[in-house]
Novice: 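Take this structure, written in structure tokens, and hold onto it; I'll ask about it next.
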Amino acid sequence: MHKRNLKHSKIRNTGLLFEFLIRQLTADVLNKKEKSKVVNVIKKRFNENTELGKELALYNIIINQKFKSDKKAEYFINEVLNNHTKLSNSTLKREKYNLIKNLKENYDLNKFLSSKVKNYKVYASIYKLFEYSQKLSPDQKTESFFNLVEYVTTKKNNLKLSETVGGTRLPDDEDLRILTYQTLLEKFNQKYTKLNLSQKTLLREYINNISNTSSLKEYVEKEIPKVKTSLQKYSKNLTDDVVKIKLKEAINSIDKFCKLTESKLVQDSTVVQLMRYYELLKELKKSGNKKQKVI
């Protein structure tokens with residue numbers, strides 16, 4: 001008997017729901033909302049004693065684990081799938097229903113679920129294998145399974161904005177700090193010592209993109225010409241010929257590095273590159289005519 005095509009449901013995907021909640025929480029923190037509704041939702045729905053929390057842990061172990069060999073990756077994925085069968089399906093469904101009901105009461109779900117998520121295909125594949133393990137057709141199951149094998153055997157990209165952006169003081173509450181993109185809001189400050197207003201504004205636009213998918217693109221479109229003009233202004237004052245050449249290359253490459261497509265969504269790499277150009281401008285302003293290290 002031919003098995004029907006079982007589709008992915010974004011609103012029932014535990015990994016994605018948690019990701020969207022964390023983004024909303026981060027936006028609330030950046031907007032200085034002292035009492036974000038998200039904190040209680042996460043603490044109540046995703047703690048270690050709930051089936052949702054246990055399922056989230058299984059999503060995360062796949063998202064965060066890497067192997068060098070396909071054989072180890074396949075064994076690992078099968079073990080995760082086996083662990084998922086030990087969860088109480090009825091309890092998990094009830095908890096997920098209550099979470100979605102809670103979200104509908106507090107947010108516009110279309111906006112809440114609208115932002116782009118890195119590794120979306122991986123989350124969708126995990127969901128299908130968790131949700132429909134015995135119902136998927138052989139070709140569907142094979143595709144989802146080997147999507148995961150490919151992911152856990154592929155090296156991570158060097159710089160992923162959703163793990164490294166920063167620029168605001170996090171709350172003192174330890175639980176809130178953990179929930180609010182731990183490394184996301186700290187590593188950029190480690191790399192760039194101290195973020196200026198332009199960098200903080202860009203990061204705020206990036207994170208607030210959860211509720212307005214076109215605003216980030218509009219902001220970046222306006223910023224690129226400004227950055228280019230500022231760099232050209234400072235290039236006139238440089239005395240070191242080598243630095244002048246490097247800066248000229250950086251100026252000529254800004255449209256390529258900060259590339260925008262016809263889509264409303266802005267790629268993480270574009271925001272990262274613009275952050276670097278801001279850093280270059282900051283160094284030029286600080287050092288004047290001194291020799292610069294050009295990005």
Side-chain angles (χ1 to χ4, degrees), residues 23 26-27 29-32 115-116 118 156-170 180-210 212-295:
R23 291 187 181 202
T26 308
V29 170
L30 285 172
N31 289 322
K32 298 181 179 179
S115 61
K116 180 182 176 183
K118 188 90 171 178
K156 290 184 178 181
N157 292 331
N158 289 332
L159 186 59
K160 180 179 172 185
L161 186 67
S162 60
E163 292 177 350
T164 56
V165 298
T168 187
R169 184 180 182 278
L170 292 179
T180 313
Y181 273 176
Q182 305 165 318
T183 53
L184 181 153
L185 293 176
E186 292 173 355
K187 284 192 179 178
F188 245 120
N189 270 332
Q190 291 173 11
K191 185 176 178 63
Y192 294 131
T193 65
K194 189 176 181 180
L195 301 182
N196 62 19
L197 180 60
S198 295
Q199 291 169 318
K200 290 179 181 180
T201 303
L202 175 59
L203 295 177
R204 186 171 288 108
E205 288 291 333
Y206 171 79
I207 295 170
N208 283 341
N209 191 42
I210 185 172
N212 189 337
T213 53
S214 61
S215 66
L216 178 61
K217 184 173 184 180
E218 290 170 3
Y219 181 80
V220 172
E221 282 177 335
K222 291 177 183 176
E223 284 299 293
I224 291 173
K226 289 181 186 177
V227 171
K228 192 184 292 187
T229 300
S230 296
L231 288 173
Q232 289 168 339
K233 170 187 167 186
Y234 282 101
S235 68
K236 294 175 183 177
N237 300 323
L238 291 171
T239 56
D240 189 301
D241 290 337
V242 174
V243 175
K244 267 188 166 183
I245 292 170
K246 289 184 177 180
L247 183 56
K248 185 177 180 181
E249 289 173 359
I251 294 169
N252 291 338
S253 301
I254 190 169
D255 291 319
K256 180 179 72 174
F257 289 147
C258 302
K259 186 179 179 182
L260 292 171
T261 64
E262 293 181 4
S263 168
K264 287 183 179 180
L265 298 173
V266 177
Q267 294 183 347
D268 282 3
S269 58
T270 296
V271 181
V272 170
Q273 292 295 347
L274 188 52
M275 282 290 290
R276 287 171 171 164
Y277 273 102
Y278 282 143
E279 189 67 18
L280 174 57
L281 262 178
K282 189 164 70 177
E283 289 302 310
L284 287 168
K285 288 177 183 177
K286 189 197 305 181
S287 303
N289 291 339
K290 293 180 181 179
K291 186 176 181 180
Q292 311 295 320
K293 182 181 178 182
V294 179
I295 296 174

Novice: Please step through side chain to side chain contact (heavy atoms under 4.5 Å, CB included) for the pair Thr229 and Lys233, ending with a clear verdict.
Specialist: CA-CA 6 Å; Thr229 300; Lys233 170 187 167 186; 5.7 Å; no

Novice: Testing the basics here: between Asn196 and Lys282, what is the closest heavy-atom pair and its distance to 0.1 Å?
Specialist: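 Result for this residue pair: ND2-CD, 3.6 Å.
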
Novice: Just by modelled atom types, is the Ala250 backbone N or O under 3.5 Å from a matching donor or acceptor in the Tyr277 side chain?
Specialist: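 Yes; judged by distance alone, with no hydrogens or angles, the pair exists.
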
Novice: Could you tell me which non-hydrogen atom of Cys258 sits nearest to which non-hydrogen atom of Leu274, and how far apart they are?
Specialist: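 Closest heavy-atom pair between Cys258 and Leu274: SG-N, 3.8 Å.
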
Novice: Partners of Glu221 by side-chain contact (heavy atoms from CB on, under 4.5 Å), sequence neighbours excluded?
Specialist: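 With sequence neighbours excluded, Glu221 shows a side-chain contact (heavy atoms from CB on, under 4.5 Å) to Lys217, Leu260, given in chain and number order.
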
Novice: Using salt bridge (Lys or Arg N to Asp or Glu O under 4.0 Å) as the criterion, list what pairs up with Lys226, not counting sequence neighbours.
Specialist: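 In terms of salt bridge (Lys or Arg N to Asp or Glu O under 4.0 Å), with neighbours along the sequence ignored, Lys226 is linked to Glu223.
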
Novice: With side chain to side chain contact (heavy atoms under 4.5 Å, CB included) as the criterion, how do Lys248 and Lys244 come out once you've worked through the C-alpha distance, each side chain's angles and the decisive distance to 0.1 Å?
Specialist: CA-CA 6 Å; Lys248 185 177 180 181; Lys244 267 188 166 183; over 6 Å; no

Novice: Tell me whether Glu283 contacts the main-chain N or O of Leu280 through its side chain, where contact means a donor paired with an acceptor under 3.5 Å.
Specialist: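 Judged by distance alone, no pair lies under 3.5 Å.
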
Novice: For the CG atom of Leu202 and the CG atom of Leu197, what is their distance to the nearest 0.5 Å?
Specialist: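 Reported value, rounded in 0.5 Å steps: 11.0 Å.
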
Novice: Can you see which heavy atom on Ile254 is nearest to which on Ile251, and at what distance?
Specialist: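 Taking every non-hydrogen atom into account, CG2-O, 3.1 Å.
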
Novice: Can you name the nearest heavy-atom pair linking Gln199 to Tyr278, along with the distance?
Specialist: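 Smallest heavy-atom distance, with atoms named: CG-CB, 3.6 Å.
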
Novice: How long is the span from the NZ atom in Lys236 to the CG atom in Leu247, to the nearest 0.5 Å?
Specialist: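 Here the interatomic distance stands at 12.0 Å.
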
